[in-house]
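Every chain is numbered from 1 and lettered A, B, ... according to where its sequence line falls, protein lines coming before strand lines.
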Protein chains: 2
Amino acid sequence: MVDSTPRQRNRTEMLRLIRAGQGVTRADLARSTGLSRSAVQAIVSGLLSESQVSELEVEEKGPGTGSGRPGTLLVAVGDPVAGIDFGHNHLHVAIADSFGRLIGDRRIEIDVDLAAEEAMNAAAELLSTLRAEHDVTRLQAVAAGIPGPVDLASGLVQSPTILSGWVGLSPATELGRRIGVPVRIENDAALGALGELYGGAGRNHRDFLYVKASHGIGASLVLGGDLYRGGTGLAGEIGHTHLGGRTELCRCGNRGCLEAVVSVAAVIDQIAHTHPGGDRAAITLESFTDPITERILHESGRILGQVVSDLCNLVNPTAVIIGGELGAAGEAFVQGAEQAIRRYAQPATAAALVVRAAELGNRAELHGALALAARALV
Amino acid sequence: MVDSTPRQRNRTEMLRLIRAGQGVTRADLARSTGLSRSAVQAIVSGLLSESQVSELEVEEKGPGTGSGRPGTLLVAVGDPVAGIDFGHNHLHVAIADSFGRLIGDRRIEIDVDLAAEEAMNAAAELLSTLRAEHDVTRLQAVAAGIPGPVDLASGLVQSPTILSGWVGLSPATELGRRIGVPVRIENDAALGALGELYGGAGRNHRDFLYVKASHGIGASLVLGGDLYRGGTGLAGEIGHTHLGGRTELCRCGNRGCLEAVVSVAAVIDQIAHTHPGGDRAAITLESFTDPITERILHESGRILGQVVSDLCNLVNPTAVIIGGELGAAGEAFVQGAEQAIRRYAQPATAAALVVRAAELGNRAELHGALALAARALV
DNA sequence: TCTTTTTGGTCAAAAAACGAACAAAAAAAC
DNA sequence: GTTTTTTTGTTCGTTTTTTGACCAAAAAGA
């Protein structure tokens, strides 16, 4: 608690509430803080005059409260924010207003894994282009997601087995220097979870598991309505769960890891194998939609679901949201996962659970980055 | 927030802080609430005059703050509390003062699984005997743990595959009627975690996994310093995780469940099998300490550890605490589990992790119940 | 021994929140 | 279509609450 005076404390608390929810009335604030409407009024009018918040003109007011005069919605005022999504071979940059509404975005193909410096330069350039294009002079905050574990305290990239070109770097510092705005770094799966939490399939869930199934498998937990990062910020590293009876060689050196069996590359290998004669390098997840491909996706989803079912028994989430390229590749993958989860999870746990593809698809991470940046300001 | 006036709010907050920590000074309160020492003084003197709290006479004051006058410790005043631990074939009841310090306890052997009514009658009687014995006329709260999932909202016993005699009952209501004091019901593993959190191996951890390995396998999560119950209160049901390549029949009807392979009964079966000629019914976990028994325990721990390692990758705890009869049965079991966890968990996750036997042994659940009862009062 | 640091305690002054009042805006009742 | 009910935003005098300054006490360090 850094605020010294009680007014400061209440002010901060209200600003937090206004920023957290999107569209809060003075009456809502009075209820959730326990203060009187008069006190709220005094503080809010202060915030208004400092233009920290503004009143929303829209006449939106859910009839949830029933009858009565509808309140005027308050929203936090702020400069635009930016989000950066480093994928394994793409880079996606976007700018949004302080509420997380997209202003513009750009995506390029680039080998992010190896050339860390290059990738960060490209990101800074792309962002700079976007800012010029949309006339965004000021940025409030930037958040970036990278496909690997990030140390919570130091901000350094952790695992030596993946992202070899990034290990030991501090992307937050590096990017911050290039962009000139403080940058927050997160694991990409964590950002995906945030994206779905604020504006996707997780909107109505307080406890869910987000699984990003792309070139690797990463997971992220939302517990009690908040991102859970684990004791040392490594929560969600399920990609190297050992599958019994499997011998596929994984890039980590072990055999039978989940992400050696279920990943974009593994699925494409299987597709290529069952569709001989084509060019392996030209095949994508969208190349075929025949029953054989469907079955490959379904079976891959089933394997993932079997692993996830054990995790659901431990965590008892109310939703499992499957993102990443495989989550967006079609119904078969998600259905396979759902089938396995329902089959192997405890009946009561499975009954309280929905399995969904990420609503935001492969843009979940980007939207999560924007949301995080918009909410990063204390 | 039910308190209307700001003084009420601050008062409640301070009472909560005093109850949560054991031994807090006025200066501590000022720091953690952000209020001035004067305001704290006013509120605390009010609490003292209402004898809601009292000053601890002991001159204990850790020199952690360095030099300066030591503060006087405040503790919450309250009536004694009781805890009840229903095991699969035992019943353990205890009374403690409002700080959770044991006043007295009693344990009897009883088949809890089948005869719910009988077990609850026995618990009420035992508690009544204890109260008479230690001259405890007033009880503030009671908490009870049962070896099965409890629905958070309704308080009803859930799973139909275990605790067949308890399904559909509301033990909180039933016990409350018999005892005459509000009773709080929790899953036993959750109580074990609480016991270790407040006064055991979890004291210095904010994120840990507690595993109770007795007749079944149950787990419980402490995340961010608080018990995590899951989206619908079913978190920790890992007993029926499917083990690849195993075919042991489980009481749930499936084959190859973790608790069909690793449990007190399964271990004793193996001991009996390797020590022929004895009476199967007379064997306990303590009957033999020879290398063969050690190896059986070690191997059972290893199987448990393999399952737990996947869970650690998801949750990234800083400790795994192993309780239950197997956790207390000797070093071999816990060592086997630790070995497997270190072998199969992500290196960075394993490095941030300690694996420990429950310090409170098979009394962890009971102490957790007492702690919960002592803290249940808002 | 003397200084420094931290704590518990007191009181007037300042700050903050409350409660009561009123107008406004919508839904519900008539 | 009008009236009633409900909920909200807004203002202001009153009351409550907190602060800030001050002092004595109790330890640790010079």
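- Spacing between atom CD of B:Glu55 and atom C1' of C:dG9 amounts to 11 Å, rounded to whole angstrom units.
- Across the protein-nucleic acid pair, A:Gln8 atom CD and D:dT17 atom P stand 21 Å apart, rounded to whole Å.
- Of the residues B:Leu197, B:Val354, B:Val320, B:Ile321, the one that meets the side chain to side chain contact (heavy atoms under 4.5 Å, CB included) test with B:His205 is B:Val354.
- The base-pairing partner of C:dT7, taking Watson-Crick or G-U wobble contacts with both distances under 3.5 Å, is D:dA24.
- Rounded to an integer number of Å, the gap from A:Ile43 CD1 to C:dA15 P is 15 Å.
- Using a 4.0 Å cut-off, no side-chain N or O of B:Asn10 falls inside it from OP1 or OP2 of D:dT17.
- Side-chain contact of A:Arg206 with A:Thr318: a donor-acceptor pair under 3.5 Å is absent, judged by distance alone.
- Counting distance only, with no hydrogens placed and no angle test, the side-chain atoms of A:Arg26 and the base atoms of D:dG9 include no donor-acceptor pair under 3.5 Å.
- A donor-acceptor pair under 3.5 Å is absent between the side-chain atoms of A:Glu186 and the main chain of A:Ala369, judged by distance alone.
- Rounded to whole angstrom, the span from the CD atom of B:Gln41 across to the C1' atom of D:dG20 amounts to 15 Å.
- Note on A:Ala27: only backbone sugar-phosphate atoms sit closer than 4.0 angstrom, heavy atoms only; bases stay farther off.
- B:Thr5 comes within 4.0 angstrom of sugar-phosphate atoms only, judged by non-hydrogen atoms across all strands, and of no base.
- Note: CG (B:Asp28) to C1' (C:dT6) measures 11 Å, nearest angstrom.
- Of the possible polar contacts, one joining the B:Asn316 side chain to the A:Gly231 backbone as a donor-acceptor pair under 3.5 Å is found.
- Rounded to whole Å, the distance from CG on B:Leu29 to P on C:dT6 is 18 Å.
- Residue side chain B:Arg69 reaches the base of C:dT7 through a donor-acceptor N/O pair under 3.5 Å, judged by distance alone.
- Put simply, CZ on B:Arg9 is 13 Å from C1' on D:dT18, counting in whole angstrom units.
- Of the candidate nucleotides C:dG8, D:dG9, D:dA27, D:dA27 has the atom nearest to the side chain of B:Pro70.
- Side-chain contact between B:Met14 and B:Leu74 is absent, with no heavy-atom pair separated by less than 4.5 Å.
- In the set C:dA21, C:dG9, C:dC18, C:dA21 carries the atom at the smallest distance from any side-chain atom of A:Arg37.
- Nearest nucleotide to the A:Ser38 side chain, out of D:dT18, C:dG8, C:dC18: C:dC18.
- For B:Arg7, taking side-chain heavy atoms from C-beta onward, the closest of the listed nucleotides D:dT17, D:dG9, C:dG8 is D:dT17.
- Whole-Å rounding puts the B:Leu35 CG to C:dA14 C1' distance at 16 Å.
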